[in-house]
There are 2 protein chains.
Amino acid sequence: MHITLEADYAVRIVYCLALAEKRMDAKAISEETSVTLRFSLKILRKLVSGGIVRSFKGTQGGYELARSPKEISLNDVIETVEGPFSLSRCLGGEYVCTKSSAGGVPCPFRRIYDEISGEVVQRMKAFTFDQVLPRESAAKKLP
Amino acid sequence: MHITLEADYAVRIVYCLALAEKRMDAKAISEETSVTLRFSLKILRKLVSGGIVRSFKGTQGGYELARSPKEISLNDVIETVEGPFSLSRCLGGEYVCTKSSAGGVPCPFRRIYDEISGEVVQRMKAFTFDQVLPRESAAKKLP
DNA sequence: AATATGTTGACAAATTTAGTAGAGTTTCTT
DNA sequence: AAGAAACTCTACTAAATTTGTCAACATATT
(Lines give C-alpha, C1' and ligand atoms only; values in the text may rest on other atoms or scores of the structure.)
Protein backbone atom coordinates (compact mmCIF):
# COMPACT_ATOMS: atom_id res chain seq x y z
CA MET A 1 0.00 0.00 0.00
CA HIS A 2 2.94 2.27 -0.51
CA ILE A 3 4.21 4.06 -3.52
CA THR A 4 6.75 1.88 -5.25
CA LEU A 5 10.48 2.32 -4.82
CA GLU A 6 10.64 3.31 -8.45
CA ALA A 7 8.24 6.20 -7.86
CA ASP A 8 10.19 7.17 -4.79
CA TYR A 9 13.38 7.24 -6.83
CA ALA A 10 11.68 9.25 -9.56
CA VAL A 11 10.69 11.88 -7.02
CA ARG A 12 14.25 12.04 -5.74
CA ILE A 13 15.60 12.40 -9.24
CA VAL A 14 13.28 15.24 -10.11
CA TYR A 15 14.09 16.86 -6.78
CA CYS A 16 17.76 16.47 -7.52
CA LEU A 17 17.40 18.12 -10.92
CA ALA A 18 15.31 20.89 -9.42
CA LEU A 19 18.01 21.63 -6.86
CA ALA A 20 20.79 21.46 -9.40
CA GLU A 21 19.21 23.92 -11.81
CA LYS A 22 21.45 22.69 -14.56
CA ARG A 23 21.94 19.80 -16.90
CA MET A 24 23.24 16.65 -15.22
CA ASP A 25 24.27 13.39 -16.79
CA ALA A 26 22.86 10.08 -15.64
CA LYS A 27 26.00 9.19 -13.74
CA ALA A 28 25.91 12.34 -11.65
CA ILE A 29 22.20 11.92 -10.98
CA SER A 30 22.73 8.34 -9.99
CA GLU A 31 25.50 9.24 -7.57
CA GLU A 32 23.59 12.13 -6.11
CA THR A 33 20.43 10.14 -5.53
CA SER A 34 21.99 6.76 -4.68
CA VAL A 35 19.96 5.05 -7.35
CA THR A 36 21.94 2.59 -9.42
CA LEU A 37 22.98 3.98 -12.77
CA ARG A 38 21.06 1.42 -14.76
CA PHE A 39 17.87 1.85 -12.84
CA SER A 40 18.08 5.61 -12.91
CA LEU A 41 18.46 5.45 -16.67
CA LYS A 42 15.27 3.46 -16.85
CA ILE A 43 13.40 5.91 -14.65
CA LEU A 44 14.81 8.88 -16.54
CA ARG A 45 13.46 7.44 -19.74
CA LYS A 46 9.98 7.34 -18.25
CA LEU A 47 10.34 10.89 -17.02
CA VAL A 48 11.46 11.97 -20.48
CA SER A 49 8.55 10.31 -22.24
CA GLY A 50 6.27 11.77 -19.62
CA GLY A 51 7.50 15.23 -20.57
CA ILE A 52 8.87 16.07 -17.14
CA VAL A 53 12.51 15.88 -18.06
CA ARG A 54 14.36 16.72 -21.26
CA SER A 55 17.30 14.68 -22.42
CA PHE A 56 20.28 15.68 -24.52
CA LYS A 57 22.55 13.29 -26.30
CA GLY A 58 26.22 13.59 -27.02
CA THR A 59 29.25 14.75 -25.14
CA GLN A 60 27.63 17.60 -23.25
CA GLY A 61 24.40 15.68 -22.93
CA GLY A 62 22.43 14.82 -19.86
CA TYR A 63 19.06 15.65 -18.36
CA GLU A 64 17.27 18.74 -17.17
CA LEU A 65 13.75 19.58 -16.09
CA ALA A 66 11.43 20.25 -18.99
CA ARG A 67 9.70 23.01 -17.06
CA SER A 68 10.01 25.01 -13.87
CA PRO A 69 9.71 23.12 -10.56
CA LYS A 70 6.62 25.18 -9.84
CA GLU A 71 4.94 23.52 -12.77
CA ILE A 72 5.86 19.96 -11.81
CA SER A 73 3.61 18.31 -9.27
CA LEU A 74 4.16 15.24 -7.17
CA ASN A 75 1.29 13.71 -9.09
CA ASP A 76 2.98 14.35 -12.43
CA VAL A 77 6.01 12.38 -11.34
CA ILE A 78 4.25 9.52 -9.61
CA GLU A 79 1.64 9.14 -12.32
CA THR A 80 4.32 9.09 -14.98
CA VAL A 81 6.17 6.31 -13.27
CA GLU A 82 3.42 4.11 -11.92
CA GLY A 83 0.25 5.22 -13.64
CA PRO A 84 -2.77 6.99 -12.22
CA PHE A 85 -3.33 6.60 -8.51
CA SER A 86 -6.35 4.54 -7.54
CA LEU A 87 -7.20 2.67 -4.40
CA SER A 88 -9.66 0.35 -6.02
CA ARG A 89 -8.39 -2.47 -8.15
CA CYS A 90 -11.10 -2.12 -10.72
CA LEU A 91 -10.46 0.88 -12.89
CA GLY A 92 -12.57 2.11 -15.74
CA GLY A 93 -16.03 3.54 -15.73
CA GLU A 94 -18.61 0.82 -15.87
CA TYR A 95 -17.16 -1.57 -13.39
CA VAL A 96 -19.61 -3.96 -11.87
CA CYS A 97 -18.56 -6.20 -9.04
CA THR A 98 -19.83 -9.51 -10.37
CA LYS A 99 -18.10 -11.18 -7.51
CA SER A 100 -19.51 -9.11 -4.70
CA SER A 101 -22.04 -10.77 -2.53
CA ALA A 102 -24.56 -8.44 -4.09
CA GLY A 103 -23.92 -10.26 -7.37
CA GLY A 104 -23.92 -8.19 -10.53
CA VAL A 105 -24.75 -4.98 -8.73
CA PRO A 106 -22.36 -2.03 -8.80
CA CYS A 107 -19.78 -2.49 -6.07
CA PRO A 108 -20.94 -0.49 -3.07
CA PHE A 109 -17.37 0.40 -2.17
CA ARG A 110 -16.40 1.70 -5.53
CA ARG A 111 -17.67 5.19 -4.82
CA ILE A 112 -15.76 5.68 -1.62
CA TYR A 113 -12.58 4.31 -3.15
CA ASP A 114 -12.90 6.67 -6.06
CA GLU A 115 -13.68 9.61 -3.83
CA ILE A 116 -10.65 9.02 -1.69
CA SER A 117 -8.41 8.36 -4.67
CA GLY A 118 -9.60 11.62 -6.19
CA GLU A 119 -8.66 13.50 -3.08
CA VAL A 120 -5.22 11.96 -3.00
CA VAL A 121 -4.63 12.93 -6.60
CA GLN A 122 -5.85 16.45 -5.95
CA ARG A 123 -3.44 16.81 -3.04
CA MET A 124 -0.55 15.44 -5.02
CA LYS A 125 -1.33 17.81 -7.87
CA ALA A 126 -1.31 20.74 -5.49
CA PHE A 127 2.12 19.80 -4.24
CA THR A 128 4.69 21.18 -6.64
CA PHE A 129 8.45 20.88 -6.50
CA ASP A 130 9.06 24.55 -5.82
CA GLN A 131 7.62 23.87 -2.36
CA VAL A 132 10.62 21.79 -1.32
CA LEU A 133 13.27 24.08 -2.74
CA PRO A 134 15.28 26.70 -0.86
CA ARG A 135 13.60 30.09 -1.28
CA GLU A 136 15.97 31.56 -3.86
CA SER A 137 15.85 28.56 -6.16
CA ALA A 138 12.11 28.37 -5.92
CA ALA A 139 11.83 31.95 -7.08
CA LYS A 140 13.85 31.38 -10.22
CA LYS A 141 12.19 30.41 -13.46
CA LEU A 142 13.46 28.17 -16.19
CA PRO A 143 13.29 29.73 -19.68
CA MET B 1 -0.84 1.46 -5.79
CA HIS B 2 -4.04 -0.37 -5.10
CA ILE B 3 -5.33 -2.07 -2.05
CA THR B 4 -4.40 -5.73 -2.22
CA LEU B 5 -6.79 -8.43 -3.37
CA GLU B 6 -6.70 -9.82 0.13
CA ALA B 7 -7.96 -6.53 1.57
CA ASP B 8 -10.58 -6.38 -1.13
CA TYR B 9 -11.73 -9.87 -0.18
CA ALA B 10 -11.75 -8.93 3.48
CA VAL B 11 -14.05 -6.02 2.75
CA ARG B 12 -16.37 -8.30 0.79
CA ILE B 13 -16.42 -10.81 3.58
CA VAL B 14 -17.30 -8.25 6.23
CA TYR B 15 -19.92 -6.82 3.90
CA CYS B 16 -21.32 -10.29 3.40
CA LEU B 17 -21.55 -10.90 7.13
CA ALA B 18 -23.13 -7.50 7.64
CA LEU B 19 -25.81 -8.27 5.08
CA ALA B 20 -26.45 -11.73 6.45
CA GLU B 21 -26.99 -10.58 10.01
CA LYS B 22 -26.42 -14.10 11.23
CA ARG B 23 -23.69 -16.61 11.81
CA MET B 24 -22.25 -18.10 8.63
CA ASP B 25 -19.69 -20.84 8.25
CA ALA B 26 -16.58 -20.43 6.15
CA LYS B 27 -17.97 -22.51 3.31
CA ALA B 28 -21.05 -20.31 2.95
CA ILE B 29 -18.97 -17.16 3.14
CA SER B 30 -16.58 -18.48 0.57
CA GLU B 31 -19.39 -19.32 -1.83
CA GLU B 32 -21.17 -16.05 -1.31
CA THR B 33 -18.07 -13.95 -1.87
CA SER B 34 -16.34 -16.10 -4.50
CA VAL B 35 -13.20 -16.28 -2.45
CA THR B 36 -11.67 -19.75 -2.26
CA LEU B 37 -12.44 -21.56 0.97
CA ARG B 38 -8.83 -21.81 2.02
CA PHE B 39 -8.06 -18.19 1.37
CA SER B 40 -11.21 -17.00 3.07
CA LEU B 41 -10.26 -19.05 6.14
CA LYS B 42 -6.95 -17.26 6.22
CA ILE B 43 -8.56 -13.86 5.93
CA LEU B 44 -11.22 -14.74 8.50
CA ARG B 45 -8.49 -15.61 10.96
CA LYS B 46 -7.01 -12.16 10.52
CA LEU B 47 -10.40 -10.57 10.97
CA VAL B 48 -10.93 -12.59 14.13
CA SER B 49 -7.62 -11.64 15.64
CA GLY B 50 -8.31 -8.06 14.64
CA GLY B 51 -11.49 -8.19 16.68
CA ILE B 52 -13.80 -7.47 13.76
CA VAL B 53 -15.30 -10.92 13.53
CA ARG B 54 -16.09 -13.51 16.17
CA SER B 55 -15.65 -17.20 15.48
CA PHE B 56 -17.45 -20.20 16.96
CA LYS B 57 -16.20 -23.74 16.82
CA GLY B 58 -18.18 -26.88 16.57
CA THR B 59 -21.10 -28.10 14.56
CA GLN B 60 -23.13 -24.93 14.74
CA GLY B 61 -20.00 -22.83 14.53
CA GLY B 62 -19.10 -20.17 12.04
CA TYR B 63 -18.43 -16.47 11.98
CA GLU B 64 -20.34 -13.32 12.79
CA LEU B 65 -19.49 -9.66 13.16
CA ALA B 66 -18.06 -8.82 16.55
CA ARG B 67 -19.93 -5.51 16.61
CA SER B 68 -22.55 -3.61 14.69
CA PRO B 69 -21.73 -2.58 11.09
CA LYS B 70 -22.00 1.01 12.19
CA GLU B 71 -18.99 0.45 14.40
CA ILE B 72 -16.85 -1.19 11.75
CA SER B 73 -15.01 1.14 9.42
CA LEU B 74 -13.36 0.48 6.10
CA ASN B 75 -10.13 1.39 7.80
CA ASP B 76 -10.63 -1.23 10.51
CA VAL B 77 -10.87 -3.95 7.90
CA ILE B 78 -8.11 -2.81 5.59
CA GLU B 79 -5.71 -2.04 8.41
CA THR B 80 -6.35 -5.43 9.97
CA VAL B 81 -5.50 -7.21 6.78
CA GLU B 82 -2.67 -5.19 5.36
CA GLY B 83 -1.43 -2.97 8.15
CA PRO B 84 -1.74 0.79 8.53
CA PHE B 85 -2.12 2.74 5.34
CA SER B 86 0.83 4.89 4.39
CA LEU B 87 1.94 6.32 1.09
CA SER B 88 5.54 6.69 2.08
CA ARG B 89 7.71 3.65 2.29
CA CYS B 90 9.51 4.82 5.34
CA LEU B 91 7.31 4.44 8.38
CA GLY B 92 8.18 5.27 11.93
CA GLY B 93 8.81 8.62 13.49
CA GLU B 94 12.41 9.58 13.12
CA TYR B 95 12.94 8.73 9.52
CA VAL B 96 15.77 10.53 7.84
CA CYS B 97 16.32 10.13 4.16
CA THR B 98 20.00 9.28 4.17
CA LYS B 99 19.72 8.58 0.50
CA SER B 100 18.02 11.77 -0.54
CA SER B 101 20.13 14.20 -2.44
CA ALA B 102 19.91 16.41 0.61
CA GLY B 103 21.95 13.75 2.42
CA GLY B 104 21.04 13.07 6.03
CA VAL B 105 18.40 15.74 6.12
CA PRO B 106 14.78 14.86 6.86
CA CYS B 107 13.11 13.85 3.63
CA PRO B 108 11.29 16.90 2.27
CA PHE B 109 8.49 14.75 0.92
CA ARG B 110 7.82 12.95 4.12
CA ARG B 111 5.45 15.60 5.42
CA ILE B 112 3.21 15.66 2.38
CA TYR B 113 3.09 11.87 2.23
CA ASP B 114 2.09 11.72 5.85
CA GLU B 115 -0.48 14.44 5.45
CA ILE B 116 -2.14 12.70 2.54
CA SER B 117 -1.97 9.30 4.20
CA GLY B 118 -3.60 10.79 7.27
CA GLU B 119 -6.45 12.11 5.20
CA VAL B 120 -6.97 8.78 3.54
CA VAL B 121 -7.10 7.04 6.87
CA GLN B 122 -9.52 9.63 8.23
CA ARG B 123 -11.82 9.12 5.27
CA MET B 124 -11.67 5.36 5.60
CA LYS B 125 -12.42 5.60 9.29
CA ALA B 126 -15.45 7.74 8.57
CA PHE B 127 -16.80 5.16 6.18
CA THR B 128 -18.59 2.50 8.17
CA PHE B 129 -20.36 -0.59 6.94
CA ASP B 130 -23.83 0.58 7.84
CA GLN B 131 -23.45 3.01 4.96
CA VAL B 132 -23.61 0.28 2.35
CA LEU B 133 -26.47 -1.65 3.89
CA PRO B 134 -30.14 -1.46 2.98
CA ARG B 135 -31.91 0.96 5.32
CA GLU B 136 -33.65 -1.56 7.53
CA SER B 137 -30.57 -3.63 8.18
CA ALA B 138 -28.50 -0.57 8.91
CA ALA B 139 -30.96 0.49 11.58
CA LYS B 140 -30.72 -2.78 13.48
CA LYS B 141 -28.18 -3.26 16.22
CA LEU B 142 -26.30 -6.34 17.19
CA PRO B 143 -26.54 -7.21 20.89
C1' DA C 1 37.02 9.91 -36.28
C1' DA C 2 36.71 9.34 -31.44
C1' DT C 3 34.35 9.67 -27.37
C1' DA C 4 30.72 10.66 -24.29
C1' DT C 5 26.32 10.42 -23.87
C1' DG C 6 21.29 8.77 -24.17
C1' DT C 7 17.82 4.74 -26.19
C1' DT C 8 15.68 0.45 -26.44
C1' DG C 9 13.99 -3.96 -25.46
C1' DA C 10 14.89 -8.18 -23.35
C1' DC C 11 16.32 -10.54 -19.42
C1' DA C 12 17.05 -12.05 -14.41
C1' DA C 13 16.84 -11.69 -9.47
C1' DA C 14 14.32 -10.44 -5.40
C1' DT C 15 10.27 -9.47 -3.04
C1' DT C 16 5.50 -9.48 -2.20
C1' DT C 17 1.05 -11.27 -2.88
C1' DA C 18 -1.99 -15.01 -3.53
C1' DG C 19 -3.35 -19.39 -2.65
C1' DT C 20 -2.87 -24.43 -0.75
C1' DA C 21 -2.04 -28.35 2.44
C1' DG C 22 -2.52 -31.05 6.35
C1' DA C 23 -2.64 -32.22 10.99
C1' DG C 24 -4.83 -30.62 15.15
C1' DT C 25 -8.60 -28.77 18.32
C1' DT C 26 -13.14 -27.69 19.86
C1' DT C 27 -18.08 -28.19 20.01
C1' DC C 28 -22.47 -30.12 19.04
C1' DT C 29 -25.56 -33.98 18.27
C1' DT C 30 -27.07 -38.41 19.01
C1' DA D 1 -18.68 -41.95 23.95
C1' DA D 2 -18.46 -41.50 19.02
C1' DG D 3 -18.52 -38.99 15.04
C1' DA D 4 -19.08 -35.12 12.27
C1' DA D 5 -18.84 -30.30 11.54
C1' DA D 6 -16.76 -26.68 12.31
C1' DC D 7 -12.48 -23.50 13.31
C1' DT D 8 -6.86 -23.08 14.24
C1' DC D 9 -2.17 -23.10 13.26
C1' DT D 10 2.13 -23.51 10.81
C1' DA D 11 4.27 -24.19 6.88
C1' DC D 12 4.70 -24.47 2.06
C1' DT D 13 4.16 -23.41 -3.00
C1' DA D 14 2.94 -20.61 -6.97
C1' DA D 15 2.11 -16.41 -9.32
C1' DA D 16 2.72 -11.68 -9.95
C1' DT D 17 5.07 -7.56 -9.42
C1' DT D 18 8.91 -4.93 -8.48
C1' DT D 19 13.60 -4.10 -8.79
C1' DG D 20 17.63 -4.18 -11.16
C1' DT D 21 20.92 -5.56 -15.17
C1' DC D 22 22.78 -6.28 -19.91
C1' DA D 23 24.14 -5.57 -24.49
C1' DA D 24 23.80 -3.54 -28.82
C1' DC D 25 22.57 0.68 -30.82
C1' DA D 26 21.81 5.78 -31.99
C1' DT D 27 23.15 10.56 -31.57
C1' DA D 28 25.81 14.67 -30.58
C1' DT D 29 30.06 17.17 -29.61
C1' DT D 30 34.80 18.11 -30.26
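Just so we're on the same page: letters track the sequence lines, and every chain starts at 1.
A straight line from CG of A:Asp25 to C1' of D:dT29 spans 14 Å, rounded to a whole angstrom. Separating the CE atom of A:Met24 from the C1' atom of C:dT5 is a distance of 15 Å, rounded to the nearest angstrom. As a whole-Å value, the separation of B:Leu5 CG from D:dA15 P is 15 Å. The distance from atom NZ of A:Lys27 to atom C1' of C:dT3 is 15 Å, rounded to the nearest whole Å. Atom CD1 of B:Ile3 and atom C1' of C:dA18 are 15 Å apart (whole Å). The CD atom of B:Glu82 sits 16 Å away from the C1' atom of C:dT15 (whole-angstrom rounding). Across the protein-nucleic acid pair, A:Glu6 atom CD and D:dT21 atom P stand 13 Å apart, rounded to whole Å. When rounded to the nearest whole Å, the span between NE2 of A:His2 and P of D:dT19 equals 12 Å.
Here the straight-line distance linking atom CD1 of B:Ile13 with atom CG of B:Leu65 works out to 11.5 Å at 0.5 Å rounding.
For the salt bridge (charged side-chain N to carboxylate O under 4.0 Å, His left out) with A:Glu6, the qualifying choice from A:Lys46, A:Arg12, A:Lys42 is A:Lys46, the only one to do so.
Where B:Lys57 and A:Thr4 meet DNA chain D, the nucleotide closest to each residue was compared, and B:Lys57 sits on the side nearer the 5' end. Sequence order on DNA chain D of the closest nucleotides to A:Ala7 and A:Phe56 puts A:Ala7 first from the 5' end.
Put simply, A:Tyr9 has no side-chain N or O that comes within less than 4.0 Å of OP1 or OP2 on D:dT18. For A:Ser55 and C:dT7, the shortest distance from a side-chain N or O to OP1 or OP2 is below 4.0 Å.
Between B:Tyr63 and B:Leu47, the closest side-chain pair of non-hydrogen atoms is not below 4.5 Å. A heavy-atom distance below 4.5 Å is not found between the side chains of A:Phe127 and A:Asn75.
When only modelled atom types and interatomic distance are considered, B:Ser73 and B:Asp76 share a side-chain donor-acceptor pair under 3.5 Å.
Contacts with DNA chain D (heavy atom under 4.0 Å) in residues 36-48 of chain A: A:Thr36, A:Arg38, A:Phe39, A:Lys42, listed by number.
By the side-chain contact (heavy atoms from CB on, under 4.5 Å) test, A:Ile3 pairs with A:Ala7, A:Asp8, A:Ile78, A:Glu82, B:Met1, B:Leu87, B:Arg89, B:Tyr113, sequence neighbours left out.
The terminal axes of the helix from C:dA1-D:dT30 to C:dT30-D:dA1, fitted over 5 pairs per end, subtend an angle of 10° to the nearest 10°.
Contact detail for B:Ile116 and A:Met124: the closest heavy-atom pair is CD1-CG, 3.6 Å. Closest non-hydrogen pair, A:Thr80 versus A:Gly50, comes out as CG2-CA, 3.9 Å.
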(request) Could you check B:Arg123 against B:Glu119 for salt bridge (Lys or Arg N to Asp or Glu O under 4.0 Å), going step by step and ending with a plain yes or no? (result) CA-CA 6 Å; B:Arg123 290 292 252 111; B:Glu119 272 184 30; over 6 Å; no
